[in-house]
Amino acid sequence: MGIVFDSSNNTFHLQSERMSYIIQMVKPGYVAHLYWGKRLNSSNFSALFQIRERAFAPNPEPSNPDLSLDTLPQEYPGYGNSDFRVPSFQVQLENGSTVVDLRYDGLHEISKGKPKLDGLPATYVEDDSEATTLHIQLADVVTGLTVILSYTVYENEDVIIRSVRFRNEGVERMKLLRALSFNIDFHDAGYDLLHLHGSWARERQLERRPLLTGMQSIESRRGASSHQHNPFFALLKKDATEDYGEVYAFNLVYSGNFLAQIEVDQFQTTRVGMGINPFDFTWLLEPGGSFQTPEAVMVFSAEGLGSMSRTFHRLYRSRLCRGRFRDQLRPVLINNWEATYFDFNGEKIERIARTAGELGIELFVLDDGWFGKRNDDQSSLGDWFVNREKLPLGLKDLAERVQKMGLQFGLWFEPEMVSPDSELYRQHPDWCLHIPGRSRSTSRNQLVLDLSREDVCQAVIAMVSDILKSAPITYVKWDMNRHMTEIGSAQLPPERQRETAHRYILNLYRILDTITSAFPHILFESCSGGGGRFDPGLLYYMPQTWASDNTDAVARLKIQYGTSMVYPAVTMGSHVSAVPNHQVQRTTSLEMRGHVASSGNFGYELDLNKLNPNEQEQVQQQIAFYKEIRSLIQFGDFYRLQSPFEGNETAWIFVSKDATEAVAFYFRVLAEANPSWQKIRFKGLNDKLNYQILPENKVCGGDLLMNAGLNMPLEKMSGDFQSICWRLKAV
Ligand code: DGJ
């Protein structure tokens, strides 16, 4: 397995156990895409290649009228020399021209392992035997532009990781106008497009629609990967379902502006590419300079969406997330945001923490409002020193008191922002993104710090580090609550202004790397007004993300189901909150809230002292139960059973690696009079094992549970917002 180069017909065969990806070098040096799909065992791929003369398809080599780049399926197409489809890259030269002609000149390298990406988050290997990497070098002889296409194939996963590196080996400056991370030209167009769209408090909603002729795209122009579109999409064969059919999925390891472009052309072929959004982006390449694109994770599944998701989950849990928390059970936490908002003092916090400790919670998180003079969202971002009016004895004292109650102590920050009403802004008004002479648009009364500047980065690192050193803090929630406007930097020259947004993200990654390396004992959770930056870029530094500011159990079904397409449950912060719910005013049962939150990285977001003794007891039982099942939730295999996007019911199951244990959840949103008989069919079990099922205390075969299904205990469900949790153990 790995990558095989066949010099007799110039093909590269990238292969995992169940997948093949085939590239062919076509004279005079073009890189053609031949195949991606189920594993091929043959070594002669000539039948996969076809070109022929077509009207209005120009020929880069007049002697070969069959060859046009407009009809050749390619791996990284450019612009201007016979391909009219959307390109992967475009370069502007000093003479104003935007045409280059990249060709392969016999230079490639195949090696074991996976090299690190310069300054960018990336999947990795722990041992070189896990993966093989291919670099193909292309060059434009006129300008000296060199482009290296990188491919890594993992031995045991149906995954290919792609990225591209540009180098200016010429003598003139050039400007990158577009630099996507990959391209694939599928030979057909019979696919549906699946993607995750949304909004604040309504993240990652599933949408599936047929591909149509022409361009279709998904993108962010907000300076963040965004609530609105996750940097993920998949092409599904028309007949593909949750458990059946071919799926090609793409996820960009990047947290800023991105573009996923899909073009169905005149011959019903489909061009797919993804990368940094070329909108308002350029990058100046000086002679000798280079530019590295983010990497894209490409997953193939021959068994539908479920298998696609489990591939992403395994890869991200073990070869994207890092640090000592990667394989550790995550603590049950309580966060005071919805309990107090900005209105708290030391005593109030201690009361919440004390009850939390008594009920079994392991970590207390102090959210927004502990610093500067912040009593609402009008001020103080940037003033990262403790608010002595609220906490007269300081953070260290509070953290130690919380510790004495048996809980760890965590803290909220929003380090990328500054309030106009802050000491920091008064001292450094040019430290935010802005354009001289123009007003600065605020959002949530705040401005974005210009992280493209080194002095600002150093100040952020120092401010956060000082606080982290000042108290026994073991968890940080790293928030970011607005998108970028008036994007410009006071320190960049005019020809580099359009680099600002990407430089911001690169430096954000550097800041995170510095801080997380300096404080390896701290568990970091990212947040952006909930799940506005739920992307693999940030998961590389912070192994969990607050999935949404919407904590309503019903709304969460769709948010968590959509999120599960790509991201494993252990990365998904998920809390029980008070009713009526603060975002939608709905009152759901405590049981259902517990079951929904237990399906992710579990916690609470309310004042436990406001619950009655029965509810407190129920909370105590929920926590004890979660502790029993959390290794399954956080590290088991996840199977979706019923979709909230298709009806009133949702169900999913977490199964241990050896399939001897499982925990399944079923949710019914609205009650129905005199309902039909119903069964629930599980997945992922061993059909040769018998399982004891709790709470029914029945024993059933895995084959029966998966093929016939378990009768739904309709008699136990009355009223709206019902949920059931079953535990299965092999006997
Ligand atoms: C947005 C986050 O998503 C919330 O959980 C909370 O931390 C607020 N910010 C605080 O301002």
Side-chain angles (χ1 to χ4, degrees), residues 198-204 222 224-228 230 255 333-344 348-349 352 363-384 387 390 409-422 442-449 464 467 473 475-483 523-535 538 542 544-552 555-556 559-560 563 567 571-578 581-584 593 597 600-607:
S199 180
W200 172 78
R202 197 164 30 78
E203 296 90 337
R204 290 172 297 286
R222 296 169 167 269
S225 49
S226 88
H227 306 84
Q228 286 71 14
N230 197 262
S255 312
L333 68 80
I334 182 154
N335 177 305
N336 72 304
W337 178 240
E338 288 197 21
T340 65
Y341 295 104
F342 295 101
D343 180 19
F344 62 83
K348 215 177 195 178
I349 293 300
I352 297 175
L363 164 68
F364 176 84
V365 181
L366 182 60
D367 210 278
D368 196 352
W370 58 267
F371 53 93
K373 52 183 179 58
R374 189 154 165 101
N375 295 316
D376 52 34
D377 62 13
Q378 308 264 345
S379 80
S380 302
L381 292 172
D383 295 346
W384 299 108
N387 179 334
K390 286 183 183 172
F409 183 77
L411 197 60
W412 179 96
F413 284 95
E414 195 176 355
E416 300 163 58
M417 299 290 150
V418 63
S419 309
D421 180 8
S422 66
T442 50
S443 176
R444 207 191 189 207
N445 311 301
Q446 61 198 56
L447 297 164
V448 183
L449 283 175
V464 174
I467 292 287
I473 294 165
Y475 165 102
V476 163
K477 178 176 173 188
W478 184 293
D479 205 350
M480 192 286 273
N481 283 303
R482 66 157 289 179
H483 293 145
L523 171 62
F524 284 79
E525 175 156 348
S526 81
C527 172
S528 174
R533 275 198 316 204
F534 206 138
D535 60 62
L538 285 185
M542 306 192 254
Q544 53 193 64
T545 302
W546 177 225
S548 178
D549 273 350
N550 192 337
T551 53
D552 169 58
R556 275 286 182 139
I559 293 169
Q560 294 181 194
T563 305
Y567 308 103
T571 63
M572 221 187 282
S574 174
H575 302 167
V576 174
S577 63
N581 172 267
H582 294 193
Q583 293 79 39
V584 300
R593 280 176 278 152
N601 206 325
F602 187 58
Y604 288 81
E605 187 103 5
L606 47 73
D607 187 347

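In listed order, ligands and their atoms are each counted from 1. Residue numbers run from 1 in the order of the sequence given.
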Next on the checklist: Minimum distance, heavy atoms only, to atom 1 (C) of ligand 1: which one of T551, D479, N550 is it?
Outcome noted: D479

Do side-chain atoms of [X] reach the backbone of [Y] as a donor and acceptor pair under 3.5 angstrom?
{"X": "N387", "Y": "K373", "result": "no"}
{"X": "N336", "Y": "D367", "result": "yes"}
{"X": "K477", "Y": "V365", "result": "no"}
{"X": "H227", "Y": "S548", "result": "no"}

Using distance alone, determine whether [X] and ligand 1 share an N or O pair under 3.5 Å.
{"X": "R444", "value": "yes"}
{"X": "G530", "value": "yes"}
{"X": "W412", "value": "yes"}

Checklist entry - Are D343 and K348 ion-paired here, with the side-chain N under 4.0 Å from a carboxylate O? => result yes

Checklist entry - Does N481 approach ligand 1 within less than 4.0 angstrom via side chain, backbone, both or neither, non-hydrogen atoms only? => result side chain

Item to check | Plane angle bin for W370 and W384 - parallel if under 30°, tilted between 30 and 60°, otherwise perpendicular | outcome: tilted

Nearest neighbour in protein (non-hydrogen) for [atom]:
{"atom": "atom 3 (O) of ligand 1", "result": "D549 OD1, 2.4 Å"}
{"atom": "atom 7 (O) of ligand 1", "result": "D367 OD1, 2.7 Å"}
{"atom": "atom 5 (O) of ligand 1", "result": "K477 NZ, 2.7 Å"}
{"atom": "atom 11 (O) of ligand 1", "result": "D368 OD2, 2.6 Å"}

Item to check | Geometric cation-pi criterion, R204 with W546: 6.0 Å, 45° | outcome: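 That pair does not qualify as a cation-pi contact.
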
Next on the checklist: Could you tell me, atom by atom, which parts of ligand 1 come under 4.0 Å of a heavy atom of W546?
Outcome noted: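 Near W546, the atoms of ligand 1 are 3 (O), 5 (O).
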
Next on the checklist: Closer than 4.0 Å to some heavy atom of C527 - which atoms of ligand 1 meet that?
Outcome noted: 2 (C), 3 (O)

Item to check | Straight-line distance of I334 CD1 to F602 CZ, nearest 0.5 Å | outcome: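 So the gap between those two atoms works out to 10.5 Å.
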
